[in-house]
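These figures come from a predicted structure and were not determined experimentally.
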Amino acid sequence: MTAAVATFAIGLILGYLGQRSRLCFIGGIRDFILVRDTYLLKGLIAFAVTAWLAFSIAIALGIAPQFAFAVPDAVTLALTIAGGFGVGLFSTLANGCPFRQHVLAAQGVKSSMTYVAGFLAGAVIFEMWIGPLVFRLLP
């Protein structure tokens, strides 16, 4: 129960901050490449710096374990790259990153609600059918 309440509280905080800041990673990169606008790109840079500092502090305090980076096998690496490319491509075509689409869906934007419904349906389809099939085929 504590994890559910904590997750809900953190979700509310991140949702509020995302709505107020208009944070969108893909939109920031897109705007910078197309028109050299750095407004949305500042959110991506701030996120990267904050994550780097937070993980460094957490590791120094002993709160988070140091991560051992293992090199994945070729199949895992190829599937990860293909999945990341797919999410990035479809998110760009939908005019924003998944985080921004979730924020816009919460604001009542119908196209974003459709995106989130498709996003969740894709996760369910992968978990029920594609994931088990891939794991059976892998060595």
Side-chain angles (χ1 to χ4, degrees):
M1 181 69 176
T2 304
V5 172
T7 302
F8 182 69
I10 291 171
L12 283 176
I13 292 168
L14 289 177
Y16 174 76
L17 292 174
Q19 192 271 336
R20 299 302 298 165
S21 68
R22 296 182 49 227
L23 179 69
C24 183
F25 298 151
I26 293 173
I29 295 169
R30 178 200 61 213
D31 288 354
F32 180 72
I33 290 173
L34 291 177
V35 293
R36 300 287 185 227
D37 181 20
T38 60
Y39 179 75
L40 292 177
L41 193 61
K42 292 175 186 175
L44 174 62
I45 295 168
F47 177 82
V49 170
T50 303
W52 178 62
L53 288 173
F55 277 115
S56 298
I57 291 169
I59 289 171
L61 294 176
I63 298 171
Q66 291 185 353
F67 300 102
F69 294 103
V71 178
D73 59 352
V75 175
T76 304
L77 185 62
L79 289 173
T80 302
I81 290 172
F85 179 77
V87 168
L89 175 67
F90 291 121
S91 295
T92 302
L93 292 175
N95 201 20
C97 60
F99 179 74
R100 184 74 182 142
Q101 294 294 336
H102 280 76
V103 170
L104 290 174
Q107 291 178 351
V109 178
K110 289 186 181 14
S111 63
S112 294
M113 290 179 192
T114 305
Y115 175 90
V116 171
F119 190 84
L120 296 174
V124 169
I125 289 169
F126 180 84
E127 191 65 32
M128 291 180 68
W129 293 300
I130 298 171
L133 176 66
V134 169
F135 288 124
R136 256 185 283 163
L137 296 176
L138 291 179

Mind checking what makes side-chain contact (heavy atoms from CB on, under 4.5 Å) contact with [X], not counting sequence neighbours?
| X | value |
| --- | --- |
| L14 | I10 |
| T80 | T76 |
| I63 | A58, L61 |
| I13 | L17 |

same_hphob_cluster([X], [Y]) at 4.5 Å side-chain heavy-atom cutoff:
| X | Y | result |
| --- | --- | --- |
| W129 | L79 | yes |
| F99 | I29 | yes |
| L40 | L44 | no |

By the rule that ILVMFWY residues connect when side-chain heavy atoms come within less than 4.5 angstrom, directly or transitively, which residues belong alongside [X]?
| X | result |
| --- | --- |
| F90 | F85, L89, L93 |
| I26 | none |
| M1 | V5 |
| V35 | L34 |

Say you draw a straight line from [atom1] of [X] to [atom2] of [Y]; how long is it, rounded to the nearest 0.5 Å?
| X | Y | atom1 | atom2 | answer |
| --- | --- | --- | --- | --- |
| R36 | T38 | CZ | OG1 | 11.0 Å |
| I45 | F32 | CD1 | CZ | 8.5 Å |
| H102 | Q107 | NE2 | CD | 13.5 Å |

(Q) Does anything in residues 34-54 form a ring pair (Phe, Tyr, Trp, His ring centres under 6.0 Å)? List the pairs, not counting sequence neighbours. (A)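 Non-adjacent pairs meeting ring pair (Phe, Tyr, Trp, His ring centres under 6.0 Å): F25-F47.
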I'd like a table of donor-acceptor pairs (distance under 3.5 Å, sequence neighbours excluded) in which one partner is a side-chain atom from residues 109-128, with atom names and distances.
unit_1 : atom_1 : unit_2 : atom_2 : d
S112   : OG     : Q101   : OE1    : 2.8
T114   : OG1    : K110   : O      : 3.1
Y115   : OH     : S91    : OG     : 2.8

